[in-house]
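Chain naming here is simple, since letters A, B, ... match the order of the sequence lines and numbering starts at 1 in each. The basis for the numbers below is simple: all heavy atoms, side chains too, and nothing from hydrogens, waters or symmetry mates.
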Number of protein chains: 2
Amino acid sequence: MNQSVARLAVPTKRTSSRDAIVDAAIATLARSPDASLSVIAEAAGVSRATLHRHFPSRGALIDAVCLQALRETDAAVNAIDYTTMSSTSYLLAVFEAIIPLGDRFHFLAKVVAETASAAVNDAYAHQTRGVEEMVRWMEREGALAPSVPADWAVLVIDALIYTSWMAVREGRIAPRQAAALACRTFLSGLSGGV
Amino acid sequence: MNQSVARLAVPTKRTSSRDAIVDAAIATLARSPDASLSVIAEAAGVSRATLHRHFPSRGALIDAVCLQALRETDAAVNAIDYTTMSSTSYLLAVFEAIIPLGDRFHFLAKVVAETASAAVNDAYAHQTRGVEEMVRWMEREGALAPSVPADWAVLVIDALIYTSWMAVREGRIAPRQAAALACRTFLSGLSGGV
DNA sequence: ATCAAATGAGACAAATGTGTATTATACGGT
DNA sequence: ACCGTATAATACACATTTGTCTCATTTGAT
């Protein structure tokens, strides 16, 4: 891939351009998911040629963007110390960790379809596996009705995250409240209760 | 728009091509939301020139597609006789009416962004207003917790419809079960209960 | 049969996005 | 100061899509 990587003592700013491009791509695609490479390069303060040097094709860039997003969400979730809490508290913690990332990653749903990269699919599957684990945990703790297919539970969690992202993005709701509402919606629905 | 419309006795098949194009557009865009006009025209069994004759621009076609979709969903919901049921039964009926339409309209979320037509925005706003009314009805009947923002309830309903559409489309779940699960999720969440 | 409207077939221009290649320049470490 | 790398600035080729236009043909109503 990068033939000079192996050479030692060449760390300099080798990745700085690349990172700038990925960051700019995230920021730009967040506004317009169909932004051209020219626009992204400009936003990165870099020539289009340089962009192509780091990412041979648009798909390669989209891949990198997706992987970066998945890496960051993964990190946010992994930062939670789940050993000290119940599965339902963990659910809330996950919502609270992920929802603030919506600013940057809400566009993923639109953009992921562009790519068929195995790496991205793997990372995505890994993330889904994490959600499935959480669902199973809730099942074990009796926090989830046995009649509910785990598959559906996973889908609803994803949907609530996306909905929260959009609601926060449109200024309809504050991140913290979104997390609380999403959690409540998942666990007890919107009827009755408080 | 169509200067010959006023002439009487010219109903013939004047709109048949147009309808064929809209139908083909729906079917084609359902598979690939970025399909070109050539592909759509071919699917409609019509030359691209004819397509352009009916729809001057791509946006005009997308508009027509969106309006058609909104019209159909509206019709499906309006067919429900809400006078004989509770608000929560109505919610289930709405889910059951709309979810089967996902086959054809699930792509709307991706495509609506292409257009900024006032007509489409109006139709969309009208539909949202319908959901808001339903939410208020549920509030009046005490089926909705007062602490839940109506705004959030509307968002969750939309999200559940979209999630159901996708889940059904991917064969993960049957339409009827999807409606039941969506309804249950909204009302009582996925914990406890049955 | 006739006439008008609708259509099919095709050519065409313009715009856009993407990927490649070339050359000169700036930067950074040795 | 030197040298290699990364970069900027271009230019280019290529594909795709969209929209327009023309002309011949078909269709359908009368």
Side-chain angles (χ1 to χ4, degrees), chain A residues 1-25 28-29 31-65 107 110-111 113-117, chain B residues 1-25 28-29 31-65 107 110-111 113-117:
Chain A
M1 191 161 284
N2 196 324
Q3 63 283 8
S4 66
V5 161
R7 291 214 161 282
L8 42 78
V10 200
T12 69
K13 302 175 67 181
R14 201 184 65 251
T15 66
S16 121
S17 257
R18 188 194 151 94
D19 291 350
I21 293 168
V22 172
D23 286 350
T28 304
L29 294 174
R31 269 178 274 117
S32 36
D34 293 327
S36 72
L37 299 183
S38 314
V39 175
I40 294 173
E42 190 180 5
V46 150
S47 79
R48 195 167 64 91
T50 297
L51 189 154
H52 265 106
R53 214 167 281 122
H54 287 283
F55 306 97
S57 69
R58 166 179 256 269
L61 174 59
I62 300 291
D63 269 18
V65 165
F107 68 93
K110 285 195 178 182
V111 141
E114 291 185 35
T115 188
S117 150
Chain B
M1 190 163 283
N2 196 325
Q3 62 282 8
S4 67
V5 161
R7 290 213 163 283
L8 42 78
V10 200
T12 72
K13 301 176 66 181
R14 203 185 62 252
T15 65
S16 121
S17 256
R18 189 195 150 94
D19 290 350
I21 293 169
V22 172
D23 286 350
T28 305
L29 294 174
R31 270 179 273 116
S32 36
D34 292 327
S36 70
L37 298 183
S38 314
V39 175
I40 294 173
E42 190 180 5
V46 148
S47 79
R48 196 166 64 90
T50 297
L51 189 154
H52 265 106
R53 222 167 268 126
H54 286 284
F55 307 97
S57 70
R58 166 177 253 268
L61 174 59
I62 300 291
D63 269 19
V65 164
F107 67 93
K110 283 194 178 181
V111 141
E114 290 184 36
T115 189
S117 150

B:D34 CG to D:dT17 C1': how many Å, rounded?
12 Å
Rounded at 0.5 Å granularity, tell me how far CG in B:L61 sits from CD1 in B:I21.
7.5 Å
C:dT20 C1' sits how many Å from A:L37 CG, rounded?
14 Å
Expressed in angstrom and rounded to an integer, what is the separation of A:F55 atom CZ from C:dT20 atom C1'?
18 Å
Taken to the nearest whole Å, CD/B:E42 to P/D:dT17 is 12 Å
A:I40/A:R48 under side chain to side chain contact (heavy atoms under 4.5 Å, CB included): CA gap, chis, key distance, verdict
CA-CA 8 Å; A:I40 294 173; A:R48 195 167 64 91; over 6 Å; no
From CD1 (B:I62) to CG (B:L29), nearest 0.5 Å
5.0 Å
Between B:E114 and B:R58 (salt bridge meaning N to carboxylate O under 4.0 Å), is one present in this structure?
yes
Candidates C:dT7, C:dT18, D:dT10 - which lies nearest the side chain of A:H52:
C:dT18
Could you tell me the separation between the CG atom of A:L51 and the P atom of D:dA9, rounded to a whole number of Å?
14 Å
A:V46 or B:S38: which one's nearest nucleotide on DNA chain D is closer to the 5' end?
A:V46
Look at the side-chain N and O atoms of B:S17 and state whether any lies under 4.0 Å from the OP1 or OP2 oxygen of C:dT7.
yes
For C:dA6, does OP1 or OP2 lie under 4.0 Å from any side-chain N or O of B:H54?
no
Nearest 0.5 Å, what's the OG-NE2 distance between B:S57 and B:H52?
7.5 Å
May I ask you to verify if any side-chain N or O of A:T50 is less than 4.0 angstrom from the OP1 or OP2 atom of D:dT7?
no
Closest listed nucleotide, where the reference is the side chain of B:S57 and the choices are D:dG19, D:dT10, C:dT7
D:dG19
The helix from C:dA1-D:dT30 to C:dT30-D:dA1: angle between end helix axes, five pairs per end, rounded to 10 degrees:
30°
Distance in Å, A:F55 CZ paired with A:R18 CZ, rounded so as to fall on 0.5 Å steps:
4.0 Å
Pairwise distance CG(A:L51) to NE2(A:H54) - rounded to 0.5 angstrom
8.5 Å
Side-chain donor/acceptor of A:R53 to base of C:dG19, under 3.5 Å
no
So what does A:G45 hit on the nucleic acid, given a heavy-atom distance under 4.0 Å: a base, only sugar-phosphate, or nothing?
sugar-phosphate
Which residue, B:A49 or B:R58, contacts DNA chain D at a nucleotide closer to its 5' end, judged by nearest heavy atom?
B:R58
Donor/acceptor link under 3.5 angstrom from A:R48 side chain onto base of C:dG19:
yes
